[in-house]
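Heads up, the thing below is written out as structure tokens.
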Amino acid sequence: MRRIVAAVLALAVLTPAAWAQTSNGNTFTWNGTIPQGDWLNIHNLNGDITVEGTDGTVVRVTGEKHWRNGDPSRVRFQVSKDGGSVTICALWHEDDRCDENGYHSHGDHDDDHNDVSVHFTVQLPKGVKVDAGTVNGGLDINGAGSEVKAHTVNGRVTATTAQGPVNASTVNGSVRVSMDALTGSGDLRFSTVNGSVTVELPSTLNADVDLSTVNGGISSDFPLTISGRMSPRHIHATIGHGGRDLKVSTVNGSVELRKR
């Protein structure tokens with residue numbers, strides 16, 4: 001009987017460490033463990049997302065509300081789990097929903113002048129993949145140790161990881177990505193409309209490349225074997241032996257490929 005009681009007490013102690021969530025209304029915190037190879041999905045609407053790599057094993061997420069004239073009580077946080085992966089979202093409206101595929105807003109909210117923003121900060125252990133997305137805000141992912149997806153509409157994207165692949169996009173802002181190493185055969189896609197794109201990749205890269213801009217230049221530290229017609233604004237080429245697809249595009253800005 002004592003052994004059974006001890007086991008129950010041990011479980012009670014371990015459960016909060018595996019999944020602990022608190023909120024004081026304006027600040028949200030979540031601490032938990034996510035197995036290596038699974039995903040942490042962070043989805044926002046208004047506000048930045050900052051991710052820092054950590055040597056620990058616990059994922060720590062903080063969401064802080066900021067506002068001038070808005071109503072912070074209308075913004076809520078949602079946490080869901082699918083297998084080993086966890087999705088955390090900030091939601092602005094009662095009919096908004098969020099899952100591992102992103103933020104889903106229903107109805108017409110054009111007359112909504114709520115100026116509340118949420119700044120997410122994340123401590124991310126090595127081996128945990130991250131998908132970070134917002135609409136109005138920047139993304140800063142520093143020291144990740146696995147695959148990264150980063151996407152916004154109005155804001156810049158910066159991402160560094162010890163081991164890619166990385167996919168990153170915005171509409172109004174620059175994209176700057178750096179990978180120490182690449183695993184698997186996943187494609188690499190980086191895009192913006194108004195801004196430059198700079199990608200630092202391992203010197204051992206093998207890829208089939210598509211680079212394009214409308215108002216800007218294209219440069220590469222890697223030798224490019226051009227295929228098709230040569231154009232200073234749109235290049236189809238091979239790096240090394242070819243293989244994974246690498247697509248980098250912008251409209252107003254430069255495209256740069258750099259050796260890591």
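Inter-residue side-chain proximity for Asn46 and Val118 is flagged as unmet; no heavy-atom pair is nearer than 4.5 Å. Taking 4.5 Å as the limit, some side-chain heavy atom of Val75 sits within range of a side-chain heavy atom of Lys65. No side-chain heavy atom of Trp39 sits under 4.5 Å from any side-chain heavy atom of Val86. Looking at Ile141 and Thr160, their side chains never come closer than 4.5 Å, going by heavy atoms from C-beta outward. Looking only at side-chain heavy atoms (C-beta outward), Glu100 and Asn41 come within less than 4.5 Å of each other. Taking 4.5 Å as the limit, every side-chain heavy atom of Asn194 sits out of range of all side-chain heavy atoms of Val251. Contact of the Val79 side chain with the Gln21 side chain is registered, since non-hydrogen atoms from C-beta on lie closer than 4.5 Å. Proximity of His43 to Thr87: side-chain heavy atoms (C-beta onward) are separated by under 4.5 Å at one or more points.
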### Task
Start with the C-alpha gap between His93 and Arg74, add the side-chain angles, then the distance that decides, and say whether side-chain contact (heavy atoms from CB on, under 4.5 Å) holds.
CA-CA 7 Å; His93 308 101; Arg74 293 176 57 186; 4.1 Å; yes
### Message
Checking Asn31 against Val59 for the side-chain contact (heavy atoms from CB on, under 4.5 Å) test, could you report, in this order, the C-alpha distance in whole Å, the side-chain angles of both residues, the deciding distance, and whether it holds?
### Response
CA-CA 6 Å; Asn31 299 327; Val59 179; over 6 Å; no
### Query
Stepwise, does the side-chain contact (heavy atoms from CB on, under 4.5 Å) test hold for Val116 with Asp71?
CA-CA 7 Å; Val116 178; Asp71 182 1; 5.6 Å; no
#### Entry: Stepwise side-chain contact (heavy atoms from CB on, under 4.5 Å) check, Leu201 with Leu188
CA-CA 10 Å; Leu201 295 155; Leu188 306 169; 3.9 Å; yes
### Query
Where do Lys247 and Asp210 land on the salt bridge (Lys or Arg N to Asp or Glu O under 4.0 Å) test, with the steps shown first?
CA-CA 5 Å; Lys247 185 173 183 178; Asp210 186 311; 5.4 Å; no
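Among all heavy-atom pairs drawn from Val177 and Ala168, the shortest one is CG2-CB, 4.1 Å. Taking each heavy atom of Asp187 and Asn167 in turn, the nearest pair found is O-ND2, 3.4 Å. The minimum heavy-atom distance linking Gly243 with Asp208 is given by the pair O-OD2, 3.2 Å. Nearest approach of Pro165 to Leu182, heavy atoms of both residues: CA-CD2, 3.8 Å. The two residues Ala237 and Ile235 have their closest heavy-atom pair at CB-CG2, 3.9 Å. Scanning all heavy atoms of the two residues, the minimum distance from Pro72 to Asn26 falls at CB-OD1, 3.7 Å.
In terms of modelled atom types and a separation under 3.5 Å, the side chain of Arg244 and the main chain of Gly184 share a donor-acceptor contact. Remark: side-chain polar atoms of Thr62 are not paired, donor with acceptor, to backbone N or O of Thr29 under 3.5 angstrom. Judged by distance alone, with hydrogens and angles left aside, the side-chain atoms of Thr213 form a donor-acceptor pair with the main-chain N or O of Gly253 at under 3.5 Å. Without hydrogens or angle criteria, Thr134 side chain to Thr152 main chain gives no donor-acceptor distance under 3.5 Å.
Salt bridge annotation for Lys126-Asp55: present, with a cationic side-chain nitrogen under 4.0 angstrom from a carboxylate oxygen. Under the 4.0 Å criterion applied to side-chain N and carboxylate O atoms, Asp180 and Arg260 are assigned as salt-bridge partners. The pair Arg258-Asp221 meets the salt-bridge criterion, since a charged nitrogen lies less than 4.0 angstrom from a carboxylate oxygen.
Ring pair Phe120/Phe77 is perpendicular by interplanar angle, where above 60° counts as perpendicular and below 30° as parallel.
For the residue pair Asp131/His151, the side-chain donor-acceptor check at 3.5 Å is satisfied. For the residue pair Glu200/Ser178, the side-chain donor-acceptor check at 3.5 Å is satisfied. Side-chain contact, Asp140 with Thr158: a donor N or O sits under 3.5 Å from an acceptor N or O. Ser254 and Ser196 are linked by a side-chain donor-acceptor pair at a separation below 3.5 angstrom, with hydrogens and angles left out of the test. One side chain, His119 or Thr50, offers a donor N or O that lies under 3.5 Å from an acceptor on the other.
To the nearest 0.5 Å, atoms CD (Gln123) and CZ (Arg60) are separated by 6.0 Å. Taking CD of Glu52 as the start and CG of Asn142 as the end, the distance is 4.5 Å to the nearest 0.5 Å. Separation of atoms CD (Gln78) and CZ (Phe28) is listed at 10.0 Å; rounding is to 0.5 Å. Taking SG of Cys89 as the start and CG of Asp96 as the end, the distance is 10.0 Å to the nearest 0.5 Å. Note: Asn154 CG to Thr170 OG1 = 6.5 Å, rounded to the nearest 0.5 Å. Of the inter-residue distances, the one linking Leu205 atom CG with Ile239 atom CD1 reads 5.0 Å to the nearest 0.5 angstrom.
Geometrically, Lys259 engages Phe222 in a cation-pi contact defined by less than 6.0 Å to the ring centre and at most 45° from the axis.
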